[in-house]
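A short write-up of the structure that comes next.
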Amino acid sequence: MTFKTLKSSKSQVTGHVEATPAEAMVKSPCVSVCVLNDEDICVGCYRTGEEISKWGRLDNDGKRAVLSECHGRARKMNPFL
């Protein structure tokens with residue numbers, strides 16, 4: 001009797017698509033300090049109110065663009081970062 005070895009990935013067996021690191025969801029920068037300053041920027045994550053409300057509908061590239069803007073705002077608002 002001959003046995004044949006089947007090579008299959010977990011995703012083929014379970015039907016789930018496994019995300020590669022490049023495809024992994026970009027995490028929210030929220031730190032649960034949700035206070036908007038006079039310029040409509042959250043003092044916790046440095047997103048604008050509009051960016052916060054649209055976050056869930058953005059694709060990863062859009063989220064990365066927002067995070068880049070947040071980083072710039074954070075450095076501008078807090079010179080110790």
Side-chain angles (χ1 to χ4, degrees):
M1 182 182 285
T2 306
F3 291 96
K4 187 175 183 183
T5 303
L6 297 175
K7 292 184 179 181
S8 62
S9 69
K10 183 177 179 182
S11 62
Q12 291 172 335
V13 173
T14 63
H16 292 103
V17 176
E18 294 178 13
T20 62
E23 296 171 329
M25 278 297 243
V26 174
K27 292 184 180 181
S28 170
C30 181
V31 293
S32 298
V33 180
C34 305
V35 178
L36 297 178
N37 67 13
D38 293 337
E39 298 173 358
D40 194 43
I41 297 172
C42 177
V43 299
C45 67
Y46 299 100
R47 291 180 291 173
T48 64
E50 183 177 357
E51 290 167 343
I52 292 168
S53 66
K54 291 182 177 180
W55 183 264
R57 296 184 303 270
L58 293 174
D59 62 10
N60 280 344
D61 288 337
K63 289 177 180 180
R64 287 185 194 99
V66 168
L67 290 175
S68 177
E69 291 294 320
C70 292
H71 181 71
R73 287 185 203 118
R75 296 200 69 183
K76 182 178 178 183
M77 293 172 67
N78 188 347
F80 299 106
L81 292 178

Practice item. Starting from Leu36, walk the hydrophobic network (Ile, Leu, Val, Met, Phe, Trp, Tyr; side-chain heavy atoms closer than 4.5 Å) and list everyone else you reach, by chain and number. Key: Ile52
Point to revise | For Lys76, side chain to side chain contact (heavy atoms under 4.5 Å, CB included) partners two or more places apart | key: none
Review point. Between Asn37 and Val43, is there a donor-acceptor pair closer than 3.5 Å when you use the side chain of the first and the backbone of the second?
Key: no
Check your understanding: Please, which pairs that meet salt bridge (charged side-chain N to carboxylate O under 4.0 Å, His left out) have at least one residue in residues 33-43, sequence neighbours excluded?
Key -> none
Check your understanding: Of all residues at least two apart in sequence or in a different chain, which pass the side chain to side chain contact (heavy atoms under 4.5 Å, CB included) check with Ala74?
Key -> Tyr46, Leu81
For residues 26-34, please give each side-chain donor-acceptor pair under 3.5 Å, one per line with the distance, not counting sequence neighbours.
residue	atom	partner	partner atom	Å
Ser28	OG	Cys30	N	3.2

Check your understanding: Is there any salt bridge (charged side-chain N to carboxylate O under 4.0 Å, His left out) pair reaching into residues 45-55, and which pairs are they, with sequence neighbours excluded?
Key -> Glu50-Lys54, Glu51-Arg73
**Study point:** With sequence neighbours excluded, residues passing side chain to side chain contact (heavy atoms under 4.5 Å, CB included) with Asp61
**Key:** Asp59, Arg64
